[in-house]
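Computed from a predicted structure; not experimentally measured.
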Amino acid sequence: MKNLVFLCFLTFISIAALCQEDGDHWEVYMAQYKEGPGSTMVNMSLRNKAPDPRFRFLLITGVGFKNCADGFPADNEFDKLYAVSDSVNNLLSATVDNIIAGSFTQGCERVDYIYLPDTTNI
C-alpha cells in the first residue's frame with residue numbers, strides 16, 4: 001500500500017508539473033481519508049489573488065475511471081484522464097475565461113474545480 005501511494009504521489013507531482021502555466025505554482029497533497037487515500041492538487045498561485053471578483057462561479061466537473069488501484073488511476077488510465085481534462089479545458093477556453101483551481105482524486109474518480117466569470121454558455 002505504501003509503495004502504491006508513493007508511486008501515485010510521484011505521478012501526481014508529474015501531473016502538477018504538466019499543468020503549470022507561466023506563473024502557476026501547483027502543489028500535490030496526499031492524505032488518508034475515511035473512504036481511503038486521496039490526492040488533492042491545488043494551484044497555489046491563486047492564493048494571493050483570491051477571491052477574484054471577476055470569477056464568481058465555480059464549475060465542478062469530473063470523471064470516473066475503471067482501471068484503478070486503491071482509488072487511484074492505473075498508469076494506462078492517465079492518458080484518458082489527460083484527454084478528458086484537455087477536452088473540457090479546450091471547450092471552456094473557447095467559450096469563457098476560466099481558472100483551473102485544482103482537482104481531487106479518490107475512489108476511482110477525479111473531480112476538477114474551475115472558476116468562471118459567467119455560466120451563460122456552459
Side-chain angles (χ1 to χ4, degrees):
M1 171 72 172
K2 286 184 180 181
N3 288 338
L4 178 64
V5 171
F6 180 72
L7 178 62
C8 289
F9 178 71
L10 291 178
T11 303
F12 284 106
I13 288 175
S14 300
I15 293 170
L18 291 173
C19 289
Q20 277 189 300
E21 295 184 17
D22 293 333
D24 282 351
H25 173 83
W26 288 86
E27 292 287 337
V28 179
Y29 301 93
M30 302 288 291
Q32 182 65 37
Y33 299 94
K34 182 179 176 183
E35 299 83 12
S39 171
T40 302
M41 190 167 62
V42 179
N43 185 347
M44 296 300 290
S45 63
L46 302 177
R47 188 178 81 171
N48 295 328
K49 301 175 189 175
D52 187 332
R54 296 172 298 162
F55 293 87
R56 301 178 307 143
F57 299 93
L58 177 62
L59 173 65
I60 301 172
T61 183
V63 64
F65 42 92
K66 293 180 182 179
N67 191 4
C68 63
D70 288 326
F72 293 105
D75 287 342
N76 62 347
E77 290 288 329
F78 280 102
D79 287 340
K80 295 174 192 172
L81 291 174
Y82 295 143
V84 170
S85 291
D86 288 346
S87 294
V88 170
N89 190 31
N90 290 338
L91 177 65
L92 287 175
S93 294
T95 308
V96 66
D97 288 337
N98 64 84
I99 299 172
I100 301 171
S103 69
F104 181 70
T105 303
Q106 183 185 41
C108 303
E109 295 180 341
R110 179 173 148 183
V111 179
D112 294 316
Y113 299 89
I114 305 162
Y115 283 98
L116 309 170
D118 190 355
T119 60
T120 303
N121 294 319
I122 301 301

*Asks:* Could you state whether I99 and F104 fall into the same hydrophobic cluster, counting links through intermediate Ile, Leu, Val, Met, Phe, Trp or Tyr residues with side-chain heavy atoms under 4.5 angstrom apart?
*Replies:* yes

*Asks:* Would M41 end up clustered with I60 when hydrophobic side chains under 4.5 Å apart are linked, directly or stepwise?
*Replies:* no

*Asks:* How many angstroms lie between atom CG of D86 and atom CG of L81, to the nearest 0.5 angstrom?
*Replies:*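 If we round to the nearest 0.5 Å, D86:CG and L81:CG are 10.5 Å apart.
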
*Asks:* Is it the case that over 12 heavy atoms from other parts of the model lie below 6.0 angstrom from the CZ atom of F65?
*Replies:* yes

*Asks:* Hey, any chance V42 and F55 share a hydrophobic cluster, counting ILVMFWY side chains that come within less than 4.5 Å of each other, even indirectly?
*Replies:*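 Not linked; separate clusters.
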
*Asks:* Between N98 and N89, which heavy-atom pair has the shortest distance, and what is it?
*Replies:*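 Closest heavy-atom pair between N98 and N89: OD1-OD1, 3.6 Å.
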
*Asks:* Which heavy-atom pair separates A101 from W26 by the least distance, and what is that distance?
*Replies:*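 Looks like O-CZ3, 4.0 Å.
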
*Asks:* With side chain to side chain contact (heavy atoms under 4.5 Å, CB included) as the test, would you mind laying out the steps for Y113 and T40 before giving the verdict?
*Replies:* CA-CA 11 Å; Y113 299 89; T40 302; over 6 Å; no

*Asks:* Side-chain heavy atoms nearer than 4.5 Å, only ILVMFWY residues, links allowed to pass through others: does that put V96 and L59 together?
*Replies:*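 In one cluster: yes.
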
*Asks:* With a 4.5 Å cut-off on side-chain heavy atoms, are L92 and I122 touching?
*Replies:*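 When only atoms from C-beta onward are counted, L92 and I122 do touch, with a gap below 4.5 Å.
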
*Asks:* In terms of side-chain heavy atoms, does D112 have a donor or acceptor partner in T61 at a distance below 3.5 Å?
*Replies:*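 No, no side-chain donor-acceptor contact under 3.5 Å.
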
*Asks:* Within this structure, what is the CG-CG distance for the pair D75 and N67, rounded to the nearest 0.5 Å?
*Replies:*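 Interatomic distance, D75 CG to N67 CG, rounded to 0.5 Å: 9.0 Å.
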
*Asks:* Consider only side-chain heavy atoms of I, L, V, M, F, W and Y, link residues closer than 4.5 Å, and tell whether I114 and V28 are in one cluster.
*Replies:* yes

*Asks:* I'd like to check P73 versus K80 (side-chain heavy atoms, cut-off strictly below 4.5 Å). Are they in contact?
*Replies:* no

*Asks:* Quick one: closest heavy-atom pair of S85 and R110, and the distance?
*Replies:*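 Closest approach of S85 to R110: OG-NH2, 3.2 Å.
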
*Asks:* Could you tell me whether the side chain of Q106 and the main chain of G36 form a donor-acceptor pair under 3.5 Å?
*Replies:*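 Yes, because the side chain of Q106 sits within donor-acceptor range (under 3.5 Å) of the backbone of G36.
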
*Asks:* Determine the minimum heavy-atom distance between C68 and G71, stating which atoms define it.
*Replies:*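 In terms of heavy atoms, the two residues are closest at CB-C, 4.3 Å.
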
*Asks:* Any side-chain heavy-atom pair from M30 and F72 closer than 4.5 angstrom?
*Replies:* yes

*Asks:* Considering non-hydrogen atoms only, spot the tightest contact between I100 and N43 and give its length.
*Replies:* O-ND2, 3.5 Å

